[in-house]
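To start, the structure under review is shown below, and the notes come after it.
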Number of protein chains: 2
Amino acid sequence: MTDNAKQAGPSAGDPIVLIVDDDPSMRRALTNLFQSVGLKVEAFSSAAEIMEAKPPAVPSCLVLDIRLPGSSGLDLQADLAKANIHTPIIFITGHGDIPMTVRAMKSGAVDFLTKPVRDQDMLDAVQAAIERDRKRRDAEKSISGVRSRFEALTARERDVLALVASGLMNKQVAAELGLAEITVKIYRGQIMRKMGAKSLADLVRMTDALGIPRNRGHLQT
Amino acid sequence: MTDNAKQAGPSAGDPIVLIVDDDPSMRRALTNLFQSVGLKVEAFSSAAEIMEAKPPAVPSCLVLDIRLPGSSGLDLQADLAKANIHTPIIFITGHGDIPMTVRAMKSGAVDFLTKPVRDQDMLDAVQAAIERDRKRRDAEKSISGVRSRFEALTARERDVLALVASGLMNKQVAAELGLAEITVKIYRGQIMRKMGAKSLADLVRMTDALGIPRNRGHLQT
DNA sequence: CTACGGCACAAACCTACGTATAGCTCGCAC
DNA sequence: GTGCGAGCTATACGTAGGTTTGTGCCGTAG
């Protein structure tokens, strides 16, 4: 442990709260609230503004007024989803209705708070949202290495991988692909090395995490 | 195909909609609506009433007025969750508010409709809910067989299974458990037979589906 | 043209896996 | 006590998995 920066100020790995609200006093109030519990904050006044900013690289969440100049909060939510940005969203609203709430929640919002928002409710929601994002990022990171190694495989190696991970024996893989068994063995060894799998069990779990389809070997009832 | 009952009336495998509403006219209207599209229906007038009925064995969903005599719809939702009944729930409400909606959706409700409910909205929601329940049941069924076979393993077989599925070689499993390698081999064979696994890949997927913890062999970044 | 990488195969060799047959102890139910 | 199943091991044998070394073809980038 050479690292003793434990109670230090904001640094690179800290979570951040992104606020989007067109009301300056609201932005200020929320900013103060989050900073009072040691959270980093970045505030925007419109949907367009935040779409131009680069997605945060740390656990984060969005606090979003549902009524925004130009596009609504729901539109922004949809745009972010389309852009493959999955930062958890907390909506706040002064005059929202139930269909709007349902739509937001169905689209994955973590919470939907009504004005006036109680500070503690907001902090709880942000806490839960950031925790969710942290988990999502952890999961994402743990397969990104696997994915990049998979991309480095040649076409033939991928063919072999799919069948091996399906549970076929080398000779069966060979028959399926019209190869000699020895060739499959050699590819198989290369796959294990390139993927960094220390066992077949590893390899199977990697392929499942990558969503590679199986040709055989289903779980039967 | 000895089965030609294709366009016949309601039978055992058909989905069913469960209605809970204290208003008889509402029950009647919903019942008619669902029956008009060929869905089976069962109506209840209170939460207590449906809790006494046995959970349906076919894909189903609940249509629930949020305001019920005695306990509210949200309480019923919580009670069902506690009883490990995961039938999807669609709420209807005449005078719900947003916090109530959020709570219901966070607890897993599929939809939350406001009166007056448009027929098409209700049918769409029920359709989606039943589809979700069907998928959940399919997934449940596909692992229930695996689980019961796992229960049939002896204690030692389970020990071996955990380590084998972690990717350890027979000799390593043996060392870990203080056994001879040959013993592990024999257990391993018995495990494959008892679990109905045709390959190690099968076995690995079964253990993952069962949530059996791994002792070694993590995916590295 | 040459070098390189992907693809494919072979012989030889070693390790790991898996089964059959057989035998042992222990605890428990009848 | 007898029988039974779980647990454990051994010898022996056959199959599957995996590496090394070496060969050759093909297409393409330099």
Side-chain angles (χ1 to χ4, degrees), chain A residues 146-208 210 212 214-217 220, chain B residues 147-208 210 212 214-217 219-220:
Chain A
V146 175
R147 175 163 288 118
S148 67
R149 286 198 290 273
F150 175 76
E151 309 287 356
L153 296 181
T154 68
R156 217 49 170 153
E157 283 165 354
R158 290 179 204 186
D159 292 343
V160 172
L161 171 54
L163 295 172
V164 165
S166 300
L168 298 197
M169 289 185 305
N170 287 341
K171 63 169 72 169
Q172 294 174 301
V173 175
E176 198 84 21
L177 297 177
L179 297 176
E181 188 182 349
I182 182 66
T183 309
V184 173
K185 287 184 180 181
I186 291 170
Y187 281 140
R188 189 168 173 159
Q190 289 169 351
I191 291 165
M192 295 295 282
R193 242 176 298 113
K194 287 191 181 181
M195 294 298 289
K198 293 182 300 303
S199 66
L200 178 58
D202 263 23
L203 201 64
V204 169
R205 293 197 172 94
M206 287 180 186
T207 58
D208 282 6
L210 291 173
I212 294 173
R214 295 192 287 291
N215 302 38
R216 296 246 212 300
Q220 64 267 27
Chain B
R147 175 164 287 120
S148 67
R149 285 197 291 273
F150 176 75
E151 310 287 357
L153 296 182
T154 69
R156 218 48 170 153
E157 285 165 353
R158 290 178 204 188
D159 293 343
V160 173
L161 172 55
L163 295 173
V164 165
S166 300
L168 299 198
M169 289 185 307
N170 287 341
K171 63 168 74 168
Q172 295 175 298
V173 175
E176 199 84 20
L177 297 176
L179 297 176
E181 189 182 347
I182 181 66
T183 311
V184 173
K185 286 184 183 180
I186 290 169
Y187 283 142
R188 189 168 173 158
Q190 289 169 351
I191 292 165
M192 295 294 281
R193 240 177 300 113
K194 287 190 181 181
M195 294 298 290
K198 294 181 299 304
S199 66
L200 178 58
D202 263 22
L203 201 65
V204 169
R205 295 198 171 94
M206 287 179 187
T207 58
D208 282 7
L210 290 172
I212 294 173
R214 294 192 286 289
N215 302 38
R216 296 244 213 301
L219 297 184
Q220 63 266 25

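A nucleotide of DNA chain C counts as in contact with chain A when one of its atoms lies under 4.0 Å from a heavy atom; the first and last such, 5' to 3', are C:dG6 to C:dA11.
Rounding to the nearest 0.5 Å gives a distance of 9.5 Å between CD of B:Q172 and CG of B:L163. Atom OG of A:S166 sits about 6.5 Å away from atom CZ of B:R205, to the nearest 0.5 Å.
In terms of the side chain to side chain contact (heavy atoms under 4.5 Å, CB included) criterion, residue partners of A:I186 (sequence neighbours excluded) are, by chain and number, A:I182, A:Q190. Applying the side chain to side chain contact (heavy atoms under 4.5 Å, CB included) test to A:A175 and every residue at least two apart in sequence or in another chain returns nothing. When the side chain to side chain contact (heavy atoms under 4.5 Å, CB included) test is applied to B:R188, the partners found at least two apart in sequence or on another chain are B:V164, B:N170, B:L200.
The salt bridge (Lys or Arg N to Asp or Glu O under 4.0 Å) pairs that include a residue from residues 153-173 of chain A are A:R156-A:D159, A:E157-A:K194, where partners are two or more places apart or lie in different chains.
Residue A:A201 comes nearest to B:V204 through the heavy atom pair CB-CG2, 3.7 Å, listed as atom of the first residue, atom of the second, then distance. For A:R149 against A:M206, the heavy-atom pair with the smallest separation is NH2-CE, 4.4 Å. Residues B:D202 and B:A197 approach most closely at CB-CB, 3.8 Å, considering heavy atoms. Annotation for B:I191 and B:L161: closest pair CD1-N, 3.7 Å, computed over non-hydrogen atoms.
Relative to the axis of its first five pairs, the axis of the last five pairs of the helix from C:dC1-D:dG30 to C:dC30-D:dG1 sits at 30°, rounded to 10 degrees.
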Protein-proximity profile, nucleotides 5-27 of chain D, B/S/- by nucleotide at the 4.0 Å heavy-atom cutoff, equals -SSSBBB----SBBB--------
